[in-house]
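The sequence lines fix the lettering, A, B, ..., with proteins before strands; numbering per chain opens at 1.
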Amino acid sequence: MSLEARDITYAYLPGKPVLKGVSLELRRNELLSLLGPNGSGKTTLLECMCGLRRPSGGTVILRGRGLHGMPPRERALHVAYVPQIHRPVFGYTVLEVVLMGRAPYVGAFSAPGKRDREAALEALGMVGLSGLAERPYTDISGGEMRLVLIARALAQGAEFVLLDEPDAHLDPAHQHRVLSLAAELSRQGKGILVTTHNPNNALIYSDTVVLLREGRVISRGNPGEALTPERLREAYGIEFVLLAGEDGHRALVPAQGSPGSSPTGSPRGSGSRYSRESSSSFLEARKGR
Amino acid sequence: MRTARAWPLFLFPLGAVLLYLLLGRYPLGLREVMGALFLPGGVDPLSRGVVLAVRLPRALAAALVGADLALAGAIFQGIFRNPLVDSRILGVSSGAAFGAAVAILLGVPWHYIDGISFAFGILALGLVVAIARRFGNSLLVLVISGILVGSLFSALIGVVKYLADPMDVLPEITYWLLGSLAGAGWEDVWKLLPVSIVAGGLLLLLRWKVNLLSLDEREAASLGVDVKKWRTGMVLAGTMLVASAVSQAGTIGWIGLITPHAARSVVGPDHTRVLPASLALGSGFMVIIDALSRSLMESQIPLGILTGIVGVPAFLFLFMRYLARGGGWR
């Protein structure tokens, strides 16, 4: 079972398509990272796949049916959206925010009941924030907000969860907490899609990577194959190098002296803990994992 | 975080109505008021008449008007995601006021004025919704068309005032516009009640939905909410309440703005509690304002003036508290 975008095109302005025929399949038990420069169409694609935007061309298929023909409530039972964080106007408690994920289960003229509260508390427990239930959402940290929004998606019970830049504006520890939770959820059976600007987060946490450039897919596959310095240069227009560390750790960083990166960075000597590697030896390292 | 329950707040309008029945130029004690209310034949006919035919209907009319305005204000603040919005935001008050002003100018009999006023309120709402739908029905378009329609009717009120005879008709129009429940009787209660029950009841049933609509539009849609459908329904119900209240009592500001803030400061921001709490506080507040209007001076003070004089300091107080808490409306 999968959530599949087929040949999606989308244009905000006539004649200026942001997506030019993108196909992408998100399966359960998979964490898929969607990368690409600003304006490459990541967020637009994500919103099309949530059913929040109707593509100008192509279809999104959920369980063999067109996502955009479904009533909003039915769609919400299967696909959840985790927006970038923002401060809401009203200082709802964390639990009240998570409870809103129960909207597809609550009748038009009623309010969430005991079962909905239990589901919300359980979801809050899964992200490890049970202790914050009664705190105002407006008073918690950015990393906690991200986790609360994930808890809301869990309370929603959808098997596909699409997260818009869940690692943005977070310190490394919170990025790790959020993304390792996303990876854990994919192992438990969810299909998770995240957009990110950080190739290293894609390397570390994802099963599949899709790289967009100007509204087209230029690379896809497992992170080791799809994210190479060559592909990143093609996407972002600057040189990248692949660094390999001692314990199989890898990182993709902008090369020193390439346009746009700092020319004054300290040169890495032979004593460095990391050494440059070609992408082929990296692939071998990954296979041997 | 305060999350008190809303229902004890209903003691406030009950107490306010009781106080209202006791106050006035004709002196009545608690025993006489209670007797008139609960023991038919237990008190002299004059006291009974003052309580049941004069004070009680007017108190109930005030309570309904306050409840309508406060509930509409709470709904609008929620769905427009803006705590500075009040019941007049969509121009319906101006439409209803224009209808009343024209009716007074044309010398329409007094007891038809509220009906004409209500009809013009609905006309204004129709214009707002038609314009908004024509341009995509987004939140921004809805608010802007409301402001435009409201401004148009305000200008037209100016025209009516300019045309009115300054000796007798103009003061009458001005007095109506400032708001009053003078002479309100059971007839007015029966006119207010159906809209309050139907539109108010609907909004109370939808109270949890207001939480969802107070989110970003796309976020709400991702949770399976048909945002435009529910928002349009709530706007219709809310403006019906405003048109009904304005047609009976004139344009009364501030209640729709302040009461939801007061309610949130007691029960927290969850609309399942904010809506009933606003209703309770708004009705009690309006009863007290009308009691003051009736008893402070020899002549009746217009309600719009009193709500402004009480409302501005109250808002200042709430705003200072908001700043002192470092922002974040609760």
Query raised in the report: What is the distance from atom CZ of A:Phe90 to atom CG of B:Asn211, rounded to the nearest 0.5 Å?
Result: 9.0 Å
Report task. Please confirm whether the backbone N or O of B:Ala221 pairs with a side-chain atom of A:Arg75, one donor and one acceptor, at under 3.5 Å? Result -> yes
Query raised in the report: Which region of A:Glu47, side chain (C-beta onward) or backbone (N, CA, C, O), has a non-hydrogen atom less than 4.5 Å from a non-hydrogen atom of chain B, or is it both or neither?
Result: side chain
Query raised in the report: Under a 4.5 Å heavy-atom cut-off, does chain A meet the side chain of B:Leu204, its backbone, both or neither?
Result: neither
Requested in this report: Show your working on side chain to side chain contact (heavy atoms under 4.5 Å, CB included) between A:Tyr81 and B:Leu223 and close with a plain yes or no.
Outcome: CA-CA 8 Å; A:Tyr81 163 68; B:Leu223 296 171; over 6 Å; no
Query - Heavy-atom contact with chain B under 4.5 Å, split by part of A:Val79 - result: backbone
Query raised in the report: Given that the side chain runs from C-beta out, which part of A:Ala80 has a heavy atom under 4.5 Å from chain B: side chain, backbone, both or neither?
Result: neither
Query raised in the report: Would A:Leu52 and B:Ser222 satisfy side chain to side chain contact (heavy atoms under 4.5 Å, CB included), going step by step from the backbone distance to the final call?
Result: CA-CA 7 Å; A:Leu52 300 177; B:Ser222 82; 4.0 Å; yes
Query raised in the report: Side chain, backbone, both or neither: which part of A:Leu77 has an atom under 4.5 Å from a heavy atom of chain B?
Result: neither
Query raised in the report: For A:Arg117, does the CZ atom have more than 12 heavy-atom neighbours from other residues, nucleotides or ligands under 6.0 Å away?
Result: no
Requested in this report: Drop me the distance from A:Tyr92's OH to B:His271's NE2, to the nearest 0.5 angstrom.
Outcome: 4.5 Å
Report task. Counting only heavy atoms closer than 4.5 Å, note whether A:Pro83 contacts chain B via side chain, backbone, both or neither. Result -> side chain
Query - Value rounded to 0.5 Å, distance of CG in B:Leu215 from CZ in A:Arg152 - result: 6.0 Å
Query raised in the report: Any idea which heavy atoms bring A:Gly107 and B:Lys209 closest together, and the distance?
Result: O-NZ, 3.8 Å
Report task. State, yes or no, whether a side-chain contact exists between B:Trp208 and A:Pro112 at a heavy-atom distance under 4.5 Å. Result -> yes
Query - From CD (B:Glu219) to CE (A:Met100), nearest 0.5 Å - result: 8.5 Å
